[in-house]
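What you are looking at is a predicted structure, and each value in this text was computed from that prediction instead of being measured. The sequence lines fix the lettering, A, B, ..., with proteins before strands; numbering per chain opens at 1. Values below: every heavy atom of this structure, side chains too, minus hydrogens, waters and symmetry copies.
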Protein chains: 2
Amino acid sequence: MEERCENCIVRKFNALRAMSKDELKAVSDSKVSRKIKKGEVIFEEGEKLNGVYCVRGGVSKLAKLSPNGKDQIVKLATKGEVLGQRSVVAEENSNLSATAVSDMEMCFIPKEAIVSTLHKNPDFTYEVLRHMAHDLREADDVIVNMSQKTVKERIAEALLYMMNNFGEDQEGYLALVLSREDIANVVGTATESCIRILSEFKKQGLIKTSGKRMAILEARKLQDLADGF
Amino acid sequence: MEERCENCIVRKFNALRAMSKDELKAVSDSKVSRKIKKGEVIFEEGEKLNGVYCVRGGVSKLAKLSPNGKDQIVKLATKGEVLGQRSVVAEENSNLSATAVSDMEMCFIPKEAIVSTLHKNPDFTYEVLRHMAHDLREADDVIVNMSQKTVKERIAEALLYMMNNFGEDQEGYLALVLSREDIANVVGTATESCIRILSEFKKQGLIKTSGKRMAILEARKLQDLADGF
DNA sequence: TTTAAAAACTGACAAGTGTCATCTTTTGTC
DNA sequence: GACAAAAGATGACACTTGTCAGTTTTTAAA
């Protein structure tokens, strides 16, 4: 039997924590749990979303296809984050696609349960608003990084971001394993350029690799690099 | 005597339209109208905002200083837009600076009037949320443009953006007059590169200039350029 | 009108980055 | 374990873009 939202720790991290008991009960009754395999698509760009996805475990990439045919990863979402919130709120089709980067567990919550609470519970609405304000600030930061930093600086930053937000395993390797192509799509560069710079970092002893796993050896130096020194 | 918010058409364009009569009255009683000269700073990056600014006329640029010392213009805000909303909602210092690009008229609304309404009126909160969802989508689009388009494509797009959002005067010149440096800061490039590409557009007959005023002659061709053809 | 400062412009050049082609290694499946 | 497919890696090269240095034009103030 599936866990109920009332007992789900994940909700502490997102706006659902501002729901009343009754509202949460309604959400829990209407939600559907899903397991999603690495590589599987959760929703496509342009798709109409009939609800949001609350991530219980695993990591997904939110990407947008650029006119030249390349995917730009706009955000990596993990435990506690809610996907599709923006589209449901704006009543627009999704502007992003979501794909699992690792095996995932998530709950689909039909939009009715969300929208009705948005209309009735200002605390919840405010909480969603605060999360979106946070996302917007991050997006502003990304814009500046994209336009003003070199590819090398952005890759250094992406590595540190992965370390700080997804952690490391016992051996010191980044817990989040991304393909070179995904990393390239995060920083907005060609896969080859990304590989080249990672090789350079490796030669300089800033990182080490084992298969596609990567470990950061000199976080401080990478930080300096990311900051343009 | 100053106009009251209740009678101000500008509010139709932003979330204030979802306020009740009483709430709007409170805002109107506490607001302060200000005229701001071109070039004047409205607020700085990192500054604590004690309220929001509702733009009644004129245009302002919202920018963020990048580590390398260049300003990146993240958004151009005009009539009806509310500045500082994100920071007030998130209870953070501003992540952007705001500077007048033309002479402006705006109203400062103390944050108390906004925050108390956010807590009490879900319609208002929802409306603010929808506006922020819209801003977030636009930010996503900007991220993709920045990372995937060439400088030339971005400049073509910026010109079309200026035409579509700020219009043209009788002679067909863009109503919004930006310096070359500002345009460069919008598209995230060096001023010299921006000038060079504008000169090229001029040679190709896509635009014409008169002082710092610019007119678009071949919108269609610029659009193709912006789309990567 | 004169003058100084700011903005616009241009050329030369180097560095950064993307593309294409090719090769090697890893991964997953039968 | 063998094989095919995917991912990673590397070199060559051209093109884009930023930087620096300097000139011209425009703007604003005296």
Chemist: Taking atom types as they are modelled, would you say the side chain of Arg196(B) forms a donor-acceptor pair with the base of dT19(D) within the 3.5 Å cutoff?
Modeler: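 Present.
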Chemist: What is the distance, to the nearest angstrom, from the CG atom on Leu198(A) to the C1' atom on dT17(C)?
Modeler: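 Leu198(A) atom CG is separated from dT17(C) atom C1' by 15 Å.
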Chemist: With a 4.0 Å cut-off on N to O distance, would you call Asp135(A) and Arg86(A) a salt bridge?
Modeler: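 Between Arg86(A) and Asp135(A) there is no salt bridge, as every charged N stays at least 4.0 Å from the carboxylate O atoms.
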Chemist: Any side-chain N or O of Thr150(B) below 4.0 angstrom from OP1/OP2 of dT16(D)?
Modeler: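 False: Thr150(B) side-chain N/O out of range (4.0 Å or more) of dT16(D) OP1/OP2.
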Chemist: In whole angstrom, what separates Arg180(A)'s CZ from dT24(C)'s P?
Modeler: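 My rounded result for the distance is 19 Å.
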Chemist: Establish, with yes or no, whether the OP1 or OP2 oxygen of dT10(C) is under 4.0 angstrom from a side-chain nitrogen or oxygen of Ser199(B).
Modeler: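 For Ser199(B), the contact criterion (side-chain N or O under 4.0 Å from OP1 or OP2 of dT10(C)) is met.
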Chemist: Please determine if Arg130(B) and Glu91(A) form a salt bridge, counting it only when a charged side-chain N lies under 4.0 Å from a carboxylate O.
Modeler: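 Looking at Glu91(A) together with Arg130(B), the answer is yes, because their closest N to O distance falls below 4.0 Å.
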Chemist: Salt bridge check: are Lys75(B) and Asp140(A) linked by an N-O gap of less than 4.0 Å?
Modeler: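 Looking at Lys75(B) and Asp140(A), the cut-off is not met.
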Chemist: To the nearest Å, how far apart are Ile197(A) CD1 and dG11(D) C1'?
Modeler: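 In whole Å, dG11(D) C1' lies 16 Å from Ile197(A) CD1.
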Chemist: How do Gly188(B) and Ser210(B) order along DNA chain D: which one's closest nucleotide is nearer the 5' end?
Modeler: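 Its nearest nucleotide lies further toward 5', so the answer is Gly188(B).
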Chemist: Looking at Thr189(B), I'd like to know whether one of its side-chain N or O atoms comes within less than 4.0 Å of OP1 or OP2 on dG18(D).
Modeler: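 Yes, because at least one side-chain N or O of Thr189(B) sits under 4.0 Å from OP1 or OP2 of dG18(D).
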Chemist: Using a strict heavy-atom distance below 4.0 Å, which residues from residues 165-178 of chain B are in contact with DNA chain C?
Modeler: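 Within residues 165-178 of chain B, no residue comes under 4.0 Å of DNA chain C.
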Chemist: Using whole Å, report how far CZ of Phe201(B) lies from P of dC9(C).
Modeler: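 It is 14 Å, rounded to the nearest whole Å.
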Chemist: Ignoring backbone atoms, establish whether Lys212(A) has a side-chain N or O less than 4.0 Å from OP1 or OP2 of dT25(C).
Modeler: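 Answer no for this pair, as no side-chain N or O of Lys212(A) is under 4.0 Å from OP1 or OP2.
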Chemist: Check the distance between dG11(C)'s P and Glu192(B)'s CD and give it to me in whole angstrom.
Modeler: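 Answer to the nearest Å: 14 Å.
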Chemist: Could you tell me whether Asp71(B) and Lys64(B) have a side-chain N and a carboxylate O separated by less than 4.0 Å?
Modeler: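 No.
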Chemist: Are Arg34(A) and Glu105(A) ion-paired here, with the side-chain N under 4.0 Å from a carboxylate O?
Modeler: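 No, no charged N to carboxylate O under 4.0 Å.
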Chemist: Mark yes or no for a side-chain to base donor-acceptor pair under 3.5 Å between Arg154(B) and dT17(D), with no hydrogen or angle criteria applied.
Modeler: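 No such pair is found, so the answer is no.
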Chemist: Separation of Glu153(B) atom CD from dT17(C) atom P, in whole Å?
Modeler: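 To the nearest whole Å, that distance equals 17 Å.
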Chemist: If each of Lys149(A) and Ser179(B) is mapped to the nucleotide of DNA chain C with the nearest heavy atom, which maps nearer the 5' terminus, i.e. the 5' end?
Modeler: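 Nearest-nucleotide comparison on DNA chain C picks Ser179(B).
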Chemist: Any side-chain donor-acceptor pair under 3.5 Å between Gln72(A) and Ser147(B)?
Modeler: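 Ser147(B) and Gln72(A) do have a side-chain donor-acceptor pair below 3.5 Å.
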Chemist: Atom CD1 of Ile195(B) and atom C1' of dC9(C): how far apart are they, to the nearest Å?
Modeler: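 Answer to the nearest Å: 6 Å.
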Chemist: For Lys203(A) and dT10(D), is the shortest distance between a side-chain N/O and OP1 or OP2 below 4.0 Å?
Modeler: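 False: Lys203(A) side-chain N/O out of range (4.0 Å or more) of dT10(D) OP1/OP2.
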Chemist: Does the Asn14(A) side chain pair with the main chain of Gly80(A), one donor and one acceptor, at a distance under 3.5 Å?
Modeler: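 Yes: the side chain of Asn14(A) pairs with the backbone of Gly80(A).
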Chemist: In whole angstroms, how far is the P atom of dA6(C) from the CD atom of Glu181(B)?
Modeler: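 Value for this atom pair: 12 Å.
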